[in-house]
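Both ligands and their constituent atoms are indexed starting at 1 by order of listing.
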Amino acid sequence: MNIGMDDIFKYAQDIRSRIAEEEMKMGHFNIIITGKTGVGKSTLLNAVFREEIAVTGVGRPVTQRTRMIEKQGVPLRIFDTRGLELGNTAQEAVRNDIFELIDWQLKTKDPDNFIHAIWYCISTTSDRIEEEEIRWINELATQNKHDVPVIVVLTKTLSRKKGLALKSRIEDMNINVRGIVPVLAQPYEVDIADEIKTVPSFGLVELIGMTLQVVPESAKNALINAQGVDMELKGKRARKWLAGFAGTNFAAGFAPFPIADAPILITTEISMLAKLTTIFGIDMDKAMLAAVVSAIVGCSGATVGGRFAVSSLLKLIPGVGTLVGGLINGATAAAFTVALGEAYIAVMMMLAKGELKREDMNEQIFIDSMKDIFRDKLTHAQLPCFG
Ligand SMILES: Nc1nc2c(ncn2[C@@H]2O[C@H](COP(=O)(O)OP(=O)(O)O)[C@@H](O)[C@H]2O)c(=O)[nH]1
Ligand SMILES: [Mg+2]
């Protein structure tokens, strides 16, 4: 039996709907970012997160001096403060705001509202660090009621040496924060003897790694999804989830079913693709998902091979040979599903790294390379032994 593009779009639609459900379930990573105006908070946010959130995100005031920025489809809420550079009264107001915000979110009793981390930004370009500011950071770190971890971000670090020197000077001031990370969020251009040199950005992967260590488990998936600097982290998380998934879904007790009745994607596989997309944090629209499904069945024409394609793919799995009695058992289904998940992760990785452009996904070259990856994963699949 053949399947047509209508069927493919129906699968794409199903995956899309499941992605929306998974996004709802995932919850948010909630972060306060603070520090004086001009230290580079907006620049940092735009460099770290996968969407230009500080520029395009709509901020709504949550208190007099704090606004909340969020963006549809990104599991992230940023609380951005203003006025720290102003006089004592304004500073006092910002401080009260931060404590109140932490308190207020806590009182909702909904963990999805809790503040998970605070980034306090200090510019490395300022000549001196004010003891008063360090005292305040210490107070923030030790006296907030929910033990929200504070990380000091040393922004605009043009010289790593200077950044590290500043870091150890702050450490010597007995500050009680979870970490101090020098970063340069955006490459910096300098004129040296009439020549323009570029200082490359750095420190962002370290900042995400450190933040990931100190936030609660419930916020980790949202953070990994929302960040856009460490793609390997996304891949690692997705693969880890995938490893646990197959074992629980196709274990002993899985009723073998005839290949003649097999849909191109079973419900479990649709759920898997949705979950992997949400862990990774990538915007896969219907057309892209349709391209992936087309690639799985192996053709891009109006009518494709359907079940025949799947059965010939199954035979690639070592040890399966000819399908006995035309039945797919749990082990075969597991191996097939894991290979599909791995191929899908590989595609998301290529998209995230810019090695694959979304507009190229409808091209034969994408379909061929997805097919190759999938076939390779199948050929190297291991049949799990259950129970
Ligand atoms: N090249 C470069 N410029 C930066 C960096 N961080 C901040 N800036 C510049 O410093 C200025 C203030 O940054 P901004 O992010 O608006 O600071 P905010 O007030 O704390 O949000 C802007 O002109 C930025 O372009 C950086 O990492 N690299
Ligand atoms: Mg700003």
Problem set entry | Short N or O distance, Y188 and ligand 1, threshold 3.5 Å exclusive | no

Problem set entry | Polar proximity ligand 1 side, L184 side, N/O cut 3.5 Å exclusive | no

Exercise. Can you tell which of G40, S123, S201, G35 gets a heavy atom nearest to atom 17 (O) of ligand 1?
Worked result: G40

Exercise. Which of the atoms in ligand 1, numbered in the order shown and given with their element, are less than 4.0 Å from a heavy-atom of T37?
Worked result: 19 (O)

For this session: For T157 and V183, indicate whether the former's side chain and the latter's backbone hold a donor-acceptor pair under 3.5 Å.
Result: yes

Exercise. What are the atoms of ligand 1, with element, lying closer than 4.0 Å to any heavy atom of A185?
Worked result: 27 (O)

Problem set entry | Heavy-atom nearest neighbour in the protein, as seen from atom 28 (N) of ligand 1, with distance rounded to 0.1 Å | Q186 O, 3.0 Å

For this session: Please state whether T155 comes within less than 4.0 angstrom of ligand 1, counting heavy atoms only.
Result: no

Exercise. For atom 20 (O) of ligand 1, what is the nearest protein heavy atom, given as residue, atom name and distance?
Worked result: K41 N, 2.8 Å

Problem set entry | E21 bridged to K25 by N-O distance under 4.0 Å | no

For this session: Give a yes or no on whether S42 keeps an N, O or S atom under 2.8 Å from the Mg ion (ligand 2).
Result: yes

For this session: Please work out which of the three classes, parallel, tilted or perpendicular, describes the rings of F374 and F336, given edges at 30° and 60°.
Result: perpendicular

Problem set entry | Basic-acidic side-chain contact under 4.0 Å: K236, D230 | no

Exercise. P187: heavy atom below 4.0 Å from ligand 1, yes or no?
Worked result: yes

Exercise. What protein heavy atom is closest to atom 19 (O) of ligand 1, reported as residue, atom name and distance in Å?
Worked result: G38 N, 2.7 Å

Problem set entry | Protein heavy-atom partner closest to atom 5 (C) of ligand 1 - residue, atom, separation in Å | T43 CG2, 3.7 Å

For this session: Looking only at distances, please establish whether an N/O atom of ligand 1 is found under 3.5 Å from an N/O atom of K156.
Result: yes

